[in-house]
Amino acid sequence: MSSGQSRIRNFCIVAHIDHGKSTLADRLMEFTDQVSKRDMKEQLLDSMDIERERGITIKLTPVRMFYHYKGEEYTLNLIDTPGHVDFTYEVSRSLAACEGAILIVDATQGIEAQTLTNAYLAIDNNLEIIPVINKIDLPSADPEGCKKEIEDIIGLPAEDAPLISAKEGINIDEVLKAVVEKLPPPSGNEDAPLRALIFDSTYDNYKGAICLVRIVDGKVRPGTGIKMMSSGKCFECTEVGVFTPQMLPVSELKAGDVGYIAASIKNVKDTAVGDTVTDSENPAPEPLKGYKKISPMVFAGIYPADGSKYNDLRDALDKLSLNDASLIYEPEASGALGFGFRAGFLGLLHMEIIEERLEREFDLDLVTTAPSVSYKVKKTNGEEITVDNPSHLPPPTEIESIEEPIVKAEIYSPPEYVGSIMELCQEKRGTFVDLTYLDQSRVKIYYTIPLAEIIYDFFDSLKSRTRGYASLEYEPDGYRADNLVKLDFLLNGESCDALSLIVHRDKAYARGRSICERLKEVIPRQMFEIPVQAAIGSKIIARETVKALRKDVLAKCYGGDITRKKKLLEKQKEGKKRMRQFGSVAIPSEAFMSILKFDEKD
Amino acid sequence: MKKTRGIYLHIPFCTGKCRYCDFYSIKATGNEIETYLSALKDEIRAASAFNERKLTDTLYFGGGTPSLLSPGDVASVIEIVYKYHDFSPTEVTLEANPDPDTDYAGLFSAGVNRISFGVQSFDDAVLKAAGRRHTSADALKALETARKVFPNLSVDIMLGLPEDSVEGAVRSAEIAAGYADHVSMYMLKLEEGTPLFESVRSGKVAVADEDETVDAYEACSEKLKSFGLNRYEISNFSRSGYESLHNMKYWNRSEYYGFGAAAHGFIAGARYNNPYSVKEYTSGNNYGAGKIIPEPIPTDEAASEAVILALRTEKGLYIPDFESEFSCDFGEKYARELDECSLLAGIDGDYYRMKDGKLLFESAAARAFI
């Protein structure tokens, strides 16, 4: 091991959402003078507006810091990680680039679902873990109880855990000391052929696709010929650098370093996350262990509210996907919505974030359909197809069976809510697997549940039934056949493809009824009566009627205020333009999402 | 047809605010009315110096509550109008709260020949819920008295107020028809920011839905018709020859001055409005029909305005006048729009009008022309 690596520590911070990860990251940077207090923006590493507003981290962001300890200068590379369940795979990527992890536990909350998930992820990756107890400045803080929980539940020694307040900057130095003392330095071979693990990629308009890498062995500098080991594609390295957190070019990256490689790579798909970068002249014999490719779980149609903006939407998706390799999409056409895209997401939050970014960063008005999952359909002719758009489901007579994705759901909750949680899981077609008392105040309930049920408002009902105390973790657990049917909705007698859903037959009647009721609420009255019907195949199972409009008139011209009347008419006209014309029926954009809204009656 | 000019005078004072009202009005205190009238007279005077004089035959005191003015005040304002404008009145309207104590004879002597009462309903529960400050008995007394004085009397009825019903509304219309030459019947529109809007939103108060309101409108229209009060505009019904000449000016794009705070005017092809603030209005700055020289409305917009406004009337748009004013062929100019609203409106002789039974869809047709 070279003496250079002995003064490097690569680590990440893992925590449950809101336990103070980004705040601690800010504090560490401030403490190591990486940023002056003056330039300090709240949560520096969350550079997207959405990240700051929602207080969540979506993308990985590395930063290099210097720390002086016992007369030596140490390089500390921190890789910030997302905290939400949708982004667990990103966490595992950053873990693979580190030797250690700081595990933050909120002294007022104790261990939560994601504390455990992330702690176990770190343990699985053979990382050294430093528990840190945060928010000790709050009156309800219980650091001793937290320590006990960490020891009892996770099985980590917590006696020496630094007790800190990231917000108030208390005991930050303790954390840095622990990082240097307790975490092992990297142990790669500087003289071996280059092996760099791509843990993320991003796109820069000037530099092209950029690999965020952890150099495991060897070195790389501008001019080095590099090769992507999975595709065999070769590039010439144009720049290497570190994150301060802004990109700062350096002359060389070598074993143990965390930084970036730019090589005028045009397509971000050539910088596949999990791939190994090696030297094209002197390639390594074996790539590093990569990550399993993550596949999208949730699908939805995304359409421009104004049909003529289709090309703008395509360009926006192209640009977003440069920075988010997990976003996939392909063109589709809908009778009701025209031309748009079917996009796949990691989860509902991911979907929401993509929609929000499209609307904000690209100034688009979108119509999105209710999210769906991806079904495996076996046809009577033996053919097997994948259906991620309910309107593409073949007619019932051609279907032998439909399999739907199942997830393993782990719910953590105080024991008093066990009854109502089990009731909810039962309602959501869950299969009970196990129930464990973690300690007196926490229970882990383990169910397998169809993913489609999780998407249909499981999380909100869970929160409302447990007054927010329960948390949910889930991961894919294969497919299972069930008695599923396509539920169609007819407006004025015509089936509206963008509203179709796949549901369990037993729930079809209730869902059909409640969605018809909701559609009746959101579809404005028009010049004629509009029947709103739910149907399975050709059988109508529910009906509501949007009554014909009886007046469409503005109040009198008060004292001759014609200008106001004209403005109101113009506003109404704008509003009408934003409606989707489906046959003779005008449908407001929100109708398409409204079918997802939760209703206790269901 | 030579169009004459009208004058609208805004009197933004009320003793209290009705729960549904979003017009500009304030509580009058001390000599505020005096200061206001003096500014109003200044504006009436100033306007005449800036614009070409034109035969002016209608005057309208709107509010607010113009009946809070004394007959002397009203007379002094009318006097200024005579002095500075080419004023030869056929209709001088004053809006009044149905207060039995108002000096109606005095107002008539001051020059008012048409009184328009904001009765809204003859049901005390409805009046109370609407925050009106009169009772049904007050209204009846006021109507009794005023009827003896004024040759032309109008009553406002409002539909869709809390506590009201179709039957209640018809009763109110019937009582009104017993006194009035003219009835204005408005459907409640909940305006954001009004107390009623908030009460309805928070679920404390229920108002009639669209169906019930339209049922009431249709039933009341029938009732008024049986009394010889025929609809000539969406919200206005009258005996033959008692149509409001002033209000017709809005719908046939005649000129009108708007004097006073929050007043709107239409002069020399341009629309303007005064500040929505008595304080600002009386400050002596920045107000007045004459002081602002607004841009005239471009021809195409003016033409579409003419159609939109006329569609509110029973008769509709008189095409020959339109064609000569805008030098065009109506059917050619609006071929696309006419087609778009062919189910709602059509050409009927010399008029373009909403089809029978479709007048309540006026905005749907108007949107095609905006």
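Keep in mind it's a predicted model, so treat the numbers as computed, not measured.
- A:Met527 has its side chain within reach of B:Leu344: a pair of non-hydrogen atoms, C-beta onward, lies under 4.5 Å apart.
- Checked for salt-bridge contact, A:Arg525 and B:Asp211 meet the test: a charged N lies under 4.0 Å from a carboxylate O.
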Review point. Taking it one step at a time, do A:Val553 and B:Met187 satisfy side chain to side chain contact (heavy atoms under 4.5 Å, CB included)?
Key: CA-CA 10 Å; A:Val553 68; B:Met187 290 181 257; 4.1 Å; yes
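- Note that CD of B:Glu210 is 5.0 Å distant from CG of A:Leu549, once rounded to the nearest 0.5 Å.
- Only the backbone of B:Ala368 has a heavy atom closer than 4.5 Å to any heavy atom of chain A.
- Within the 4.5 angstrom heavy-atom criterion, only side-chain atoms of B:Tyr256, from C-beta onward, approach chain A.
- For A:Asp363, the CG atom sits in a loose shell: 12 or fewer heavy atoms of surrounding residues, nucleotides or ligands are nearer than 6.0 Å.
- Within the 4.5 angstrom heavy-atom criterion, atoms from both the backbone and the side chain of B:Arg367 approach chain A.
- The two residues B:Ala366 and A:Leu569 have their closest heavy-atom pair at CB-CD1, 3.8 Å.
- Other residues, nucleotides and ligands contribute over 12 non-hydrogen atoms within 6.0 Å of the NZ atom of A:Lys463.
- Looking at B:Ala364, the atoms closer than 4.5 Å to chain A (heavy atoms on both sides) sit in the backbone and in the side chain alike.
- In this structure, chain A has no heavy atom under 4.5 Å from any part of B:Asn247.
- For the pair B:Tyr8 (side chain) and A:Gly560 (backbone), a donor-acceptor distance under 3.5 Å is absent.
- We find that A:Lys565 and B:Glu362 are joined by a salt bridge, their nearest charged nitrogen and carboxylate oxygen being less than 4.0 Å apart.
- Between B:Glu191 and A:Arg564, at least one side-chain N (NZ, or NE/NH1/NH2) sits under 4.0 Å from a carboxylate O, which counts as a salt bridge.
- Residue A:Lys309 qualifies as open at atom NZ: its count of foreign heavy atoms under 6.0 Å is 12 or below.
- Proximity to chain A is absent for every atom of B:Leu343, based on heavy atoms less than 4.5 angstrom apart.
- The existence of a salt bridge linking B:Glu301 and A:Lys566 is confirmed by a sub-4.0 Å separation between a basic side-chain nitrogen and an acidic carboxylate oxygen.
- Enclosure of atom OH in A:Tyr310 by more than 12 non-hydrogen atoms of other residues, nucleotides or ligands within 6.0 angstrom is indicated.
- How far CZ of B:Arg253 is from CD1 of A:Ile562: 9.0 Å, rounded to the nearest 0.5 Å.
- Checking side-chain atoms of A:Arg550 against main-chain N and O of B:Thr213 turns up no donor-acceptor pair under 3.5 Å.
- Only the side chain of B:Ile234 has a heavy atom closer than 4.5 Å to any heavy atom of chain A.
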